[in-house]
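Below is one structure, written out as structure tokens, with a few remarks after it.
In the text below, chain A, chain B and the rest are named by the order of the sequence lines, each starting its count at 1.
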Protein chains: 2
Amino acid sequence: MSKCEQCIVRQFSSLKALSKDELLKMADCKTSYTIKKGETIFEEGEITNGIYCIKDGVCKMTKLSANGKDQIVKLVKSGELLGQRSTISEEPANLSAVALEDMEVCFIPKTEILQFFTQNNQFSMNVMKTICGDLKEADDHMVSMAQKSVKERLAETLLYLEDTFGKNDDNTLKLQLSREELAGMIGTATESCIRLLSELNKAGLIELIGKKIAIKDRNKLRRMSE
Amino acid sequence: MSKCEQCIVRQFSSLKALSKDELLKMADCKTSYTIKKGETIFEEGEITNGIYCIKDGVCKMTKLSANGKDQIVKLVKSGELLGQRSTISEEPANLSAVALEDMEVCFIPKTEILQFFTQNNQFSMNVMKTICGDLKEADDHMVSMAQKSVKERLAETLLYLEDTFGKNDDNTLKLQLSREELAGMIGTATESCIRLLSELNKAGLIELIGKKIAIKDRNKLRRMSE
DNA sequence: TTTAAAGTATGACAAATATCATATTTTAAA
DNA sequence: TTTAAAATATGATATTTGTCATACTTTAAA
């Protein structure tokens with residue numbers, strides 16, 4: 001069993017407030033999992049009973065809407081925690097978590113987490129601040145969905161993907177989403193998404209290299225996203 | 001100065017976890033305000049330095065989008081707290097708060113709130129659960145905006161307004177929003193909102209009594225909202 | 001009370017987006 | 001490798017929604 005104390009990703013999450021003793025306790029009760037691309041970590045409506053610490057990889061958090069389409073609510077990457085909200089609320093998960101790449105995660109049981117809350121005030125504050133940040137993002141995201149056109153949201157999302165997950169040597173986005181997934185992020189039909197990508201390609205703002213996407217003109221994209 | 005101990009609305013918020021001593025301290029440092037309909041409590045980008053406890057009235061939380069329209073992100077009513085997120089994050093407000101009715105609010109300084117966090121674990125957990133609830137709502141709201149049509153969102157919103165704020169003797173919605181505000185909630189143009197209201201009126205699902213709106217057929221509205 | 005301003009309502013039209021059809025390309029299974 | 005399935009791409013068309021114009025109604029100020 002690997003030690004949480006030596007785990008680097010811990011430094012990037014609320015867990016950085018935990019003491020040596022607490023980390024030892026956590027290492028004792030955690031379970032490590034390898035999750036293959038496409039596999040589900042947990043499903044909307046499921047009782048999770050703990051949180052996942054992402055050691056490696058990226059996953060999408062989705063919600064099935066009434067019309068049968070999967071809306072991608074957000075992407076979560078290594079160093080971040082998964083399932084905090086449902087654990088704290090003691091409610092079933094509101095969103096499904098599905099791996100977009102092969103992942104390494106550690107599961108920490110709810111009982112352990114709740115103990116840390118009562119013992120360690122800094123940890124509580126860290127978690128609270130994280131969730132407050134999530135709330136701000138969610139509100140902003142909502143306003144985007146309500147007020148921006150699909151084209152604006154697409155431009156915004158492409159920039160977000162490059163900024164957050166980086167690019168390869170050929171300038172293509174490192175995180176490769178299918179057209180359907182990209183459509184699911186911006187909240188539109190897959191065909192509309194593909195059509196707008198073609199349009200941006202013809203206008204020279206992006207380049208389509210097979211299924212991959214490379215951003216060619218950040219400034220124009222940024223102006224387009226507003 | 002009125003005593004927080006005897007304030008009823010306290011019971012409905014995270015503040016119910018505070019001890020007698022803590023309530024006395026709070027009563028000592030709080031400031032009460034009367035806010036007239038239409039007045040702003042705080043503005044997006046402003047540093048708030050504390051939270052507001054709503055004793056009476058309802059306010060809208062809005063965000064100005066790039067296209068110049070005000071999106072109503074949520075409505076907050078008596079018994080709820082205002083400005084928790086920015087106080088905890090120690091960031092400027094992300095949303096503006098504007099009174100929809102005459103309001104009575106109490107302002108509690110940040111220093112006081114942060115003390116309660118370190119002293120009173122139950123209070124921390126209450127606030128955390130509230131914010132987790134807000135986050136769930138925000139995510140769900142986002143999916144609605146991304147996946148539902150304007151008509152579906154209008155139906156959904158009318159039901160929400162009746163469920164949350166009740167109706168008058170003539171069955172009209174108690175919380176009276178202008179058509180522009182209603183459009184701002186569902187994220188559409190005012191004219192589109194008015195047009196759809198006319199349509200629902202002609203179809204007998206609602207009745208328009210002057211500027212007021214009465215729901216006539218909840219079941220059909222609910223089916224329409226999905 | 002009169003009058004101007006704001007809010008509500010509706011028509012005409014334009015723009016954005018979804019849907020359905022179909023072709024092409026890529027991927028993965030047999 | 002061959003083949004079927006899935007993903008990507010694009011056209012044609014329908015639907016939804018936004019915009020602009022204008023009329024009517026209510027509200028509030030002079």
Side-chain angles (χ1 to χ4, degrees), chain A residues 36-38 65-72 100 144-158 172-173 176-203 206-214 224-226, chain B residues 36-38 60 65-72 98 100 144-158 172-173 175-203 206-214 224-225:
Chain A
K36 290 245 167 276
K37 177 174 174 171
S65 77
N67 61 26
K69 282 188 190 163
D70 257 325
Q71 173 70 29
I72 297 183
L100 288 174
S144 275
M145 288 297 181
Q147 298 286 349
K148 290 188 175 178
S149 68
V150 174
K151 196 187 283 186
E152 288 168 332
R153 270 141 52 198
L154 174 58
E156 192 175 42
T157 302
L158 291 175
T172 57
L173 297 176
Q176 211 186 311
L177 299 172
S178 71
R179 302 293 191 256
E180 190 179 1
E181 284 170 328
L182 189 55
M185 280 196 76
I186 65 185
T188 190
T190 307
E191 297 95 320
S192 299
C193 175
I194 290 173
R195 220 179 292 274
L196 288 172
L197 283 174
S198 291
E199 198 180 294
L200 293 183
N201 185 27
K202 276 167 198 155
I206 64 172
E207 193 185 350
L208 299 178
I209 305 169
K211 304 191 173 183
K212 293 185 177 180
I213 301 169
M224 173 171 287
S225 74
E226 286 172 351
Chain B
K36 291 245 168 278
K37 178 175 174 169
K60 58 178 175 182
S65 76
N67 61 27
K69 282 189 190 164
D70 256 325
Q71 173 70 31
I72 299 183
V98 178
L100 289 174
S144 275
M145 289 298 181
Q147 298 286 349
K148 289 188 176 179
S149 68
V150 174
K151 195 187 283 186
E152 288 168 331
R153 270 140 53 197
L154 174 57
E156 191 175 42
T157 301
L158 292 174
T172 57
L173 296 177
L175 183 71
Q176 211 185 312
L177 299 172
S178 69
R179 302 293 190 256
E180 191 179 0
E181 284 169 328
L182 190 54
M185 281 196 76
I186 65 184
T188 191
T190 307
E191 297 95 321
S192 299
C193 175
I194 290 172
R195 217 180 294 273
L196 287 173
L197 282 174
S198 292
E199 198 180 295
L200 293 183
N201 185 27
K202 277 167 198 154
I206 64 171
E207 193 183 351
L208 298 177
I209 304 169
K211 304 191 173 183
K212 294 186 177 181
I213 301 169
M224 174 171 286
S225 74

Helix axis bend for the helix from dT1(C)-dA30(D) to dA30(C)-dT1(D) - C1'-based end axes, five pairs, 10° rounding: 40°
Separation of dA15(C) C1' from Glu199(A) CD (nearest whole Å): 13 Å
Here the residues of residues 185-195 of chain B within 4.0 Å heavy-atom distance, strictly under, of DNA chain D are Thr188(B), Ala189(B), Glu191(B), Ser192(B), Arg195(B)
Please name the pair of heavy atoms, one in Lys211(A) and one in Arg179(A), separated by the smallest distance, quoted to 0.1 Å. O-NH1, 2.8 Å
Among the nucleotides dA7(D), dT10(C), dT8(C), which one has an atom lying closest to any side-chain atom of Lys211(A)? dA7(D)
Rounded to whole Å, CE of Met145(B) lies from P of dT17(C) at a distance of 16 Å
Using whole Å, what does the distance between atom C1' of nucleotide dT17(D) and atom NZ of Lys148(B) come to? 18 Å
Leu197(A) CG to dT17(C) P, straight-line distance once rounded to whole Å: 14 Å
Mind calculating the distance between CZ (Arg179(A)) and C1' (dT10(D)) to the nearest angstrom? 14 Å
Closer to the 5' end of DNA chain D via nearest nucleotide, is it Ala146(A) or Leu177(A)? Leu177(A)
Whole angstrom value for the distance that separates P of dA9(D) from CD1 of Ile209(A): 12 Å
Where the side chain of Arg153(B) meets the backbone of Ile186(B), is there a donor-acceptor pair that is under 3.5 Å apart? yes
Heavy-atom side-chain proximity of Thr172(B) to Ile213(B) below 4.5 angstrom: no
Under 4.0 Å between any heavy atoms, over every strand shown, what does Lys69(A) touch: base, sugar-phosphate, or nothing? Just pick one. sugar-phosphate
Does Glu180(B) have more than 12 heavy atoms from other residues, nucleotides or ligands lying within 6.0 Å of its CD? no
Check whether Lys148(A) reaches the backbone of Ser225(A) with its side chain - one donor and one acceptor, N or O, closer than 3.5 Å. yes
Short question: side chain of Asp70(A), backbone of Gly184(A) - any donor-acceptor pair under 3.5 Å? no
Can you tell me how far P of dT16(D) sits from CD of Gln147(B), to the nearest Å? 16 Å
Do the non-hydrogen side-chain atoms of Leu200(B) and Leu158(B) ever get within less than 4.5 Å of each other? yes
Side-chain contact, heavy-atom cut-off 4.5 Å: Thr190(A) with Ile194(A)? yes
Check whether any side-chain heavy atom of Leu182(B) sits under 4.5 Å from a side-chain heavy atom of Leu154(B), and report yes or no. yes
Measure the distance from CD on Glu181(B) to C1' on dT8(C) and round it to the nearest whole Å. 14 Å
